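Encoded as structure tokens, the structure appears first; notes follow it.
Since we're looking at a predicted model, the values are computed, not measured.
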Amino acid sequence: VDRLAGHFERLLRAALDDPDLSIADLPLLSPGERHQALAEWNDTAVERTESTLIHGPFEAWARRAPGTVAVLWRGEEIPYGRLEEGANRLAHHLAHLGIGPGSLVGIHLRRGPGMIEAVLAVLKAGAAYVPLEIGHPPARLRWILETLEISCVLTETAQLGNLPALPHAICLDEIGPSGPSGPVRPLSPPSPDDLAYIIFTSGST
């Protein structure tokens, strides 16, 4: 409460000192609070090596302990090895379609193992994924797809009616739990500088 009162007092004093300031330019934070928020809390630099990729630790664990349970889903245990093979098959399928670094792939799936496999596959292909929320109005989904010029979406049959016609709408429930037929080995790793994802959020996020 004391902090909020201080912010309010600072705003009022600034407004009195310069009545022509717009509301957006009136300060709330003290110089110390501003430095803490922008400099101290935002000091997130870390050492990065060429092998630092989001899906790298998952691949390493799948090699080390393929039988270890990765996902528990509605009573089913899915081991790392199976999830890794499915993601690799799907990644090769995406690469066959010309999806790679610089490509954007929409993911319009309900939460579950299929979504995890889809995200891994897109990253393995070197592309970036774009979450498309289940339940969003078709017009909103269409706007996102058109804005980003997305031509490939990983989805399921029940969701096709919410999407516009696309060159590549891949229904994971049609190709089965093991993914499309194809190699199960990982693709050549993409660069750590490749785009990983784009997300549309509310203004409050």
#### Entry: Which atom of Ala169 lies closest to which atom of Leu160, heavy atoms considered
CB-CD2, 4.0 Å

### Message
Atom CD of residue position Glu149 - does it have more than 12 heavy atoms of other residues, nucleotides or ligands inside 6.0 Å?
### Response
no

### Task
Can you measure from CG (Leu109) to CE (Met115) and round to the nearest 0.5 angstrom?
6.0 Å

### Task
Any chance you could lay out the side-chain contact (heavy atoms from CB on, under 4.5 Å) test for Phe200 and Leu148, step after step, and finish with the verdict?
CA-CA 11 Å; Phe200 285 79; Leu148 297 179; 3.5 Å; yes

### Query
When clusters are formed by joining ILVMFWY residues with side-chain heavy atoms under 4.5 Å apart, either directly or through shared neighbours, do Leu94 and Leu123 land in the same one?
yes

### Message
For Glu84, is there an ion pair with Lys124 - N to carboxylate O distance below 4.0 angstrom?
### Response
yes

### Reported CG-to-CG distance for the pair Leu141 and Leu163, which is rounded to 0.5 angstrom
6.0 Å

### Which atom of Ser103 lies closest to which atom of Ala127, heavy atoms considered
O-CB, 3.5 Å

### Message
With clusters defined by side-chain heavy atoms of hydrophobic residues (ILVMFWY) lying less than 4.5 Å apart, directly or transitively, does Ile78 cluster with Val69?
### Response
no

### Task
State, to 0.1 Å, how close Ala87 and Ala121 come at their nearest heavy-atom pair, and which atoms those are.
O-CB, 3.4 Å

### Message
Donor-acceptor check, side chain of His108 to backbone of Thr155, threshold 3.5 angstrom: yes or no?
### Response
no

## Note on the structure
For Pro27 and Ala14, the nearest pair of non-hydrogen atoms, with its separation, is CD-CB, 3.4 Å

### Task
Is it possible for you to say whether Ile144 and Ile107 belong to one hydrophobic cluster, with membership spreading through side-chain heavy-atom contacts below 4.5 Å?
no

### Message
For the CD atom of Gln159 and the SG atom of Cys171, what is their distance to the nearest 0.5 Å?
### Response
9.5 Å

### Message
Please say yes or no: joined through hydrophobic side-chain contacts below 4.5 Å, possibly via intermediate residues, are Val153 and Leu104 part of one cluster?
### Response
yes

### CD1 on Ile150 to CG on Leu145, rounded to 0.5 Å
5.0 Å

### Query
Any side-chain heavy atom of Leu166 sitting closer than 4.5 Å to one from Ser151?
no

### Query
Which class fits the ring pair Phe58 and Tyr80: parallel under 30°, tilted 30 to 60°, perpendicular over 60°?
tilted

### Message
Test of understanding: clusters of I, L, V, M, F, W, Y form through side-chain heavy atoms closer than 4.5 Å, transitively. Do Tyr129 and Leu154 belong to the same one?
### Response
yes

### Message
Distance check, rounded to the nearest 0.5 Å: Thr157 atom OG1 versus Glu174 atom CD?
### Response
4.0 Å

### Query
Got Ile199 and Tyr197 here, is their nearest side-chain heavy-atom distance under 4.5 Å?
yes

### Message
I want to check something: taking the side chain as every heavy atom from C-beta on, are Asn88 and Leu120 in contact at a cut-off of under 4.5 Å?
### Response
no

### Query
Which atom names give the shortest non-hydrogen contact between Gly114 and Leu172, and what distance separates them?
O-CD1, 3.8 Å

### Message
For a quick test of reading the model, state the closest non-hydrogen atom pair linking Ala118 to Leu90 and the distance between them.
### Response
CA-CD2, 4.2 Å

### Task
May I ask you to decide if Ser191's main-chain N or O and Asp194's side chain share a donor-acceptor pair within less than 3.5 Å?
yes

### Query
Looking only at atom types and distance, does a side-chain atom of Glu33 sit under 3.5 Å from a main-chain N or O of Ser30, one as donor and one as acceptor?
yes

### Message
Within the 4.5 Å heavy-atom criterion, are Val71 and Leu83 side-chain neighbours or not?
### Response
yes

### Query
CG of Leu72: more than 12 outside heavy atoms within 6.0 angstrom?
yes

### Query
Short question: side chain of Arg142, backbone of Pro164 - any donor-acceptor pair under 3.5 Å?
no

### Query
Quick one: CZ on Arg140 to CG on Asn162, what's the gap to the nearest 0.5 Å?
14.5 Å

